[in-house]
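A quick write-up on the structure given underneath.
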2 protein chains.
Amino acid sequence: MVSIKDVAREANVSTATVSRVINRQSNTSSAVTTAVHQAIAKLGYKTSSNKHSAGLIGVMVSDVSEPFFGQIIKGVENVARQNDKRLLVLSSQYSADTERQTIKQLLNHCDHAIVHTKWLTDDELIEYARQMPGLILINRYIKSIRHRCIALDNVHGGYIATRHLLNKGHRNIGYLCSEQNIDDATHRLMGYKQALMEFGLDIDEQFISLCYPSEEGGRLGTYNLLAKKLPLTAIVTYNDIMAAGALAALAENGIKCPDDISVVGFDDLIIAGYLNPKLSTVRYPAAAMAEQAARLSLKLTDQGESGQSSFISEHILIPSFVERNSTSVCTSQTPVVF
Amino acid sequence: MVSIKDVAREANVSTATVSRVINRQSNTSSAVTTAVHQAIAKLGYKTSSNKHSAGLIGVMVSDVSEPFFGQIIKGVENVARQNDKRLLVLSSQYSADTERQTIKQLLNHCDHAIVHTKWLTDDELIEYARQMPGLILINRYIKSIRHRCIALDNVHGGYIATRHLLNKGHRNIGYLCSEQNIDDATHRLMGYKQALMEFGLDIDEQFISLCYPSEEGGRLGTYNLLAKKLPLTAIVTYNDIMAAGALAALAENGIKCPDDISVVGFDDLIIAGYLNPKLSTVRYPAAAMAEQAARLSLKLTDQGESGQSSFISEHILIPSFVERNSTSVCTSQTPVVF
DNA sequence: CTGTTAGCGCTTTCAA
DNA sequence: TTGAAAGCGCTAACAG
């Protein structure tokens, strides 16, 4: 167990100085402060090294009040309960700065951490992972630390969503894509394109509408598709919230779903079952993913780095399709007009 | 700050023994063990007394993954962030035993705790509150520790839900009540009755249907009301989930909402805005309530018990009404038939 | 601003 | 099984 003493030796200062730096109490020269911080990072020192604050599993998500993240927290909590650990929950509020600051808190106080990050770079995360053997990235894939990543196969998700419609005879399928430049968005879109190509269809960029991933964004994106007078019979969306916007836009224009246009979502949020019509969607097994992440974190720290080779080196979950009432067989007589 | 030494003196044992009891390490005689536990309870000793694990705010809710509780956690987290505290989240899984066990964990590890409990008795909670000056009960009112309780005025909530309908001309208003025997349920029903009486109407128990507070429960309760062939023009429900069930039951029977029957919910969950029609409901300001609770907890421990007299002695929040599309002016020609 | 030193809370060792 | 006492990790007081 690395103590404040080791850090002091590493940084060539006294233990008192290290203590001061950690607690930001008295003034410390910036040279010494950075030296201490470097030593802490190098040795992986934790304030939680005393027995009682140990056994903490940290969770970082964007917003605790979002149902999707609620499921993640619940998954981790299940494992924590089973293993007599406690749960430290922090949210990063959708900003890179807070994400960074929050991860550092977790590094300091926890033995384990399940982290959902959208805005930090691969390099930065690799460094954090090095400092904490029990750090697991959720919904993210970084090749060099792939044994520490648990992610959903978003390409496959986009693929099965689109294939479901293709199997029902749809050939003119629009896509409401998130305008955010993150892997989730590009991967799901990739799956959409893959399915079309597999059915021998060309990809027409006109059928793809970029918009903000909110209900209003989904509504606007749908308006844009409709305005182009495309022979649309179905729409695949980036997520359920956008699908809700799409349903609203269709209803406002007297277009019936699924009779005239089918819609599929992504995530299977609680609201999916309450929309009208009930939304067919791709199920994102968030709680299961979080449980797996938590178990992996415990394993990695129990057995230490030595045990790593014995584990599966990749953890990619496969989403499944949930059929409800927003999709139906394509009955449109419109000829395919690309 | 009460230390292991104080506990040892109180229990007439050595500090070593107390340490052993706390950490369940070596064997300790049951007599000594219970003596130590009693001393701990009496003095309110915390293992978190060392600086680093301090500054923890504990939150207990039934289920972290429920959106309603997510809002509560978020509210507490906001305050925690502003005050440089961390958040320990535990869920009690809807059982009295887990609630008890969870609260004890919080007593041991936190300086502050925001607790939502459904199943523990007033007496038990009063005892816990005594042991921890920073314990705040949310959504609960116990008279002798009312300065530690933050609750919603559920009577008023049921009242404004019903009054909204009365103002729109409805006179035959059903009520879908939760069959759970908790204050929330009886208070909301009380508000319903109050509003009817204020409008000079008699209360007919036939219009009140007891059912489980779930979507399926709401559906069944609505069937039961319909089966009685009452001249119903509106339904007030215990919560939004039941209202969703009511809307489904009406739609299945070809009864239009709000044209034939108006429906109001309670809580204003996320789903309320996604239902068809969008649900008019009573807004439960969960996040604001949690923020207030967290701030109160910090205040109480900062100033110690001495400062209590200077605070407001009661913290009752007033809900407001959110009108959407599930309620309309009563157009029914049916004569009032009680 | 920093190191020395004393001290605190807690755990562990050792002897009974 | 228990207490006395030593030891550990950290903080606080003081001196320079």
Side-chain angles (χ1 to χ4, degrees), chain A residues 1-56 84 86 88 104-105 107-111 131-132 301, chain B residues 1-56 84-86 104-105 107-111 131-134 301:
Chain A
M1 177 202 292
V2 36
S3 78
I4 200 176
K5 218 161 159 182
D6 304 308
V7 176
R9 196 182 319 113
E10 178 71 31
N12 282 317
V13 294
S14 71
T15 59
T17 303
V18 175
S19 176
R20 279 189 277 257
V21 169
I22 291 172
N23 300 299
R24 293 176 195 75
Q25 281 184 344
S26 332
N27 293 330
T28 46
S29 70
S30 62
V32 168
T33 306
T34 57
V36 169
H37 277 139
Q38 275 172 15
I40 287 176
K42 183 172 176 190
L43 303 175
Y45 167 79
K46 288 195 192 9
T47 44
S48 69
S49 42
N50 88 66
K51 278 276 164 57
H52 274 293
S53 55
L56 263 186
D84 241 333
R86 273 158 293 127
L88 184 64
K104 283 185 179 160
Q105 271 206 44
L107 288 177
N108 273 333
H109 296 104
C110 304
D111 297 331
Q131 285 177 39
M132 183 195 250
T301 44
Chain B
M1 178 200 293
V2 36
S3 77
I4 200 176
K5 217 161 157 183
D6 304 309
V7 177
R9 196 180 321 113
E10 179 71 31
N12 281 320
V13 294
S14 71
T15 59
T17 304
V18 175
S19 175
R20 279 188 277 255
V21 169
I22 291 172
N23 300 299
R24 294 175 193 76
Q25 281 183 345
S26 333
N27 293 332
T28 46
S29 70
S30 64
V32 168
T33 307
T34 56
V36 169
H37 277 138
Q38 276 171 13
I40 286 176
K42 183 172 176 192
L43 302 175
Y45 167 79
K46 289 194 193 7
T47 46
S48 70
S49 43
N50 90 66
K51 278 278 162 57
H52 275 295
S53 55
L56 263 186
D84 242 334
K85 311 275 182 184
R86 273 158 294 127
K104 283 185 180 161
Q105 271 205 45
L107 289 178
N108 273 333
H109 296 104
C110 304
D111 297 331
Q131 284 177 40
M132 183 196 251
T301 44

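Small disclaimer: the values here were computed from a predicted structure and weren't measured. Each chain gets a letter, A, B and so on, in the order its sequence line appears, and its residues count up from 1.
When the C1' atoms of four end pairs are superposed on the next four at each end of the helix from C:dC1-D:dG16 to C:dA16-D:dT1, using five pairs per end, the two resulting axes differ in direction by 10°, to 10°.
Taking the side chain as every heavy atom from C-beta outward, A:I22 and A:Y45 approach each other to under 4.5 Å.
Listed pair B:S14 / D:dA4 fails the phosphate criterion, with no side-chain N or O lying under 4.0 Å from OP1 or OP2. Between B:Y45 and C:dG9 there is no side-chain N or O to OP1 or OP2 distance below 4.0 Å.
The salt bridge (charged side-chain N to carboxylate O under 4.0 Å, His left out) analysis of residues 9-19 of chain A, with sequence neighbours excluded, yields the pairs A:D6-A:R9, A:E10-A:K42.
B:V2 approaches B:G44 most closely through the heavy-atom pair CG1-O, 3.8 Å. Closest heavy-atom contact between B:A39 and B:A11: CB-CB, 4.0 Å.
Counting non-hydrogen atoms under 4.0 angstrom, B:V32 reaches the backbone sugars and phosphates but no base.
Under the side chain to side chain contact (heavy atoms under 4.5 Å, CB included) rule, B:R20 has a single partner from B:T33, B:V13, B:T28, which is B:T28.
Residue B:K5 contributes atom NZ, which lies 15 Å from atom C1' of C:dT11 at whole-angstrom precision. Protein atom CZ of A:R9 is 11 Å distant from nucleotide atom P of D:dG9, rounded to whole Å.
The side chain of A:V13 lies closest to C:dG3 when the candidates are D:dG9, C:dT2, C:dG3. The side chain of B:S29 has D:dT2 as its nearest neighbour among D:dT2, D:dT11, D:dA12.
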Any N/O pairs under 3.5 Å between the protein and nucleotides 14-16 of chain D? List them or say none.
none

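Distance check, rounded to the nearest 0.5 Å: CD1 of B:I4 to CG of B:L43 gives 12.5 Å.
In terms of position on DNA chain C, the residue among A:T15 and A:S30 whose nearest nucleotide sits closer to the 5' end is A:S30. The nearest heavy atom of DNA chain C to B:I4 and to A:T17 marks one nucleotide each, and the one closer to the 5' end goes with A:T17.
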Please determine whether side-chain contact (heavy atoms from CB on, under 4.5 Å) holds for the pair B:D111 and B:K46, giving the CA-CA distance in whole Å, both sets of side-chain angles, and the decisive distance to 0.1 Å. CA-CA 8 Å; B:D111 297 331; B:K46 289 194 193 7; 4.0 Å; yes
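Side-chain atoms of B:T34 come within 3.5 Å of backbone atoms of B:S30 as a donor-acceptor pair (strictly under, hydrogens ignored).
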